[in-house]
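We use all heavy atoms of the structure for the numbers below, so side chains are in, but hydrogens, waters and symmetry mates are not.
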Amino acid sequence: MRIAIINGPNLNLTGQREQDIYGKISFDQFMTACRDKYANQEISYFQSNSEGAIIDEIHQQGKLADAIIINAGAYSHTSIAIADALKCFPKLLIIEVHLSNVFARENFRKQSFISAVSQAVICGMGMRGYDMAIQYLLGKNQEVG
Ligand code: DQA
């Protein structure tokens, strides 16, 4: 399965910024562990602080990937353009991830334009949220019970 992880603004500083909220692990550390753990899967990683670059990456991955795991950072709460870009690829599985529990924070974080175009949303699990999303995608055909 081809999985594209796409991160938005300020997530390049994860591990340094607001550690009490976002944790102490950087995405470089996470991606190294992730590539080890899922060595047989094609998992790409892209991060940008600019909305247009994120949209361009979605357009690229929309043609290449089976699934996108996206944390659009603060753009989640503002960007109709990123949500529209995801909607351009109806066959794509989309999982929205947030490191923090956005529902336990300021009101403006409780709305996400990305949630409405995602199959699932994971928040509040830190980096493990991305791992959970990958596990869900890989076991998507498995039923419980
Ligand atoms: C975030 C939550 C957003 O509200 C915030 O702007 C971020 C990170 C998260 O992963 O918890 O930059 O997406």
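- Open room surrounds NZ on Lys24; 12 or fewer heavy atoms of other groups in view lie less than 6.0 Å from it.
- Of all non-hydrogen atoms in Ile55 and Ala81, the two that sit nearest each other are CD1-CB, 3.6 Å.
- The shortest non-hydrogen separation linking Ile134 to Cys34 is CD1-SG, 3.5 Å.
- Contact of the Ile122 side chain with the Ile69 side chain is not registered, since no non-hydrogen atoms from C-beta on lie closer than 4.5 Å.
- Taking CD of Glu57 as the reference point, atom OG of Ser44 lies at 6.0 Å (rounded to 0.5 Å).
- Distance check, rounded to the nearest 0.5 Å: CD1 of Ile94 to CD of Gln61 gives 12.5 Å.
- With a 4.5 Å cut-off on side-chain heavy atoms, Asn7 and Thr14 do not count as touching.
- Ring geometry, Tyr45 versus Phe27: the interplanar angle falls under 30°, so the pair is classed parallel (tilted spans 30 to 60°).
- Ile114 and Leu93 fall into different hydrophobic clusters, defined by Ile, Leu, Val, Met, Phe, Trp and Tyr side-chain heavy atoms under 4.5 Å apart, directly or through other members.
- Cluster annotation: Phe46 and Phe30 are assigned to distinct hydrophobic clusters (Ile/Leu/Val/Met/Phe/Trp/Tyr, side-chain heavy-atom contacts under 4.5 Å, transitive).
- Remark: side-chain polar atoms of Asp66 are paired, donor with acceptor, to backbone N or O of Arg2 under 3.5 angstrom.
- Ser76 places a side-chain N or O within donor-acceptor distance of the main-chain N or O of Gly73, the cut-off being under 3.5 Å.
- In this structure, NE2 on His59 lies 13.0 Å from CG on Leu64, to the nearest 0.5 angstrom.
- Contact annotation: the side chain of Tyr130 approaches that of Asn71 to within less than 4.5 Å [non-hydrogen atoms, C-beta and beyond].
- For the atom pair OG of Ser50 and CG of Asp56, the computed distance is 8.0 Å after rounding to the nearest 0.5 Å.
- Taking the six-membered ring for Trp and thresholds of 30 and 60 degrees, Phe108 and His77 have ring planes more than 60 degrees apart, a perpendicular arrangement.
- In this structure the side chain of Asp20 reaches within 4.5 angstrom of the side chain of Glu18, judged on heavy atoms.
- The nearest pair of heavy atoms linking Gly129 to Val97 is O-CG2, 3.9 Å.
- Counting non-hydrogen atoms of neighbouring residues, nucleotides and ligands closer than 6.0 angstrom, the CG atom of Leu138 exceeds 12 such neighbours.
- For the pair Phe113 and Ile82, the minimum side-chain heavy-atom distance is 4.5 Å or more.
- Remark: side-chain polar atoms of Gln29 are paired, donor with acceptor, to backbone N or O of Ser26 under 3.5 angstrom.
- For the pair Ile5 and Ile43, the minimum side-chain heavy-atom distance is below 4.5 Å.
- With contacts defined as side-chain heavy-atom distances shorter than 4.5 Å, the pair Asn101/Arg105 does not qualify.
- Gln41 places a side-chain N or O within donor-acceptor distance of the main-chain N or O of Met1, the cut-off being under 3.5 Å.
- Using modelled atom types, one finds a donor on one side chain and an acceptor on the other under 3.5 Å when comparing Gln47 with Asn49.
- Scanning all heavy atoms of the two residues, the minimum distance from Asp131 to Lys37 falls at OD2-NZ, 2.7 Å.
- Minimum interatomic distance between Pro9 and Ile54 (heavy atoms only, all atoms of both residues): CD-CD1, 4.2 Å.
- Atom CZ of Arg109 has more than 12 neighbouring heavy atoms from other residues, nucleotides or ligands inside a 6.0 Å radius.
- In this structure, Ile21 is a member of the same hydrophobic cluster as Leu99, with clusters built from ILVMFWY side-chain heavy atoms closer than 4.5 Å.
- Side-chain contact, Glu96 with Ser112: a donor N or O sits under 3.5 Å from an acceptor N or O.
- In terms of heavy atoms, Ala65 sits closest to Ala4 at CB-CB, 4.2 Å.
- Val121 and Leu137 are members of different hydrophobic clusters when ILVMFWY side chains are connected at heavy-atom separations under 4.5 Å.
- Between atom SG of residue Cys123 and atom NZ of residue Lys110 there is a gap of 11.5 Å, rounded to the nearest 0.5 Å.
- In the hydrophobic clustering of this structure, Met127 groups with Leu11; members are Ile, Leu, Val, Met, Phe, Trp, Tyr whose side-chain heavy atoms approach within less than 4.5 Å, directly or through other members.
- Ile70 CD1 to Ser118 OG: the interatomic distance, rounded to the nearest 0.5 Å, is 8.0 Å.
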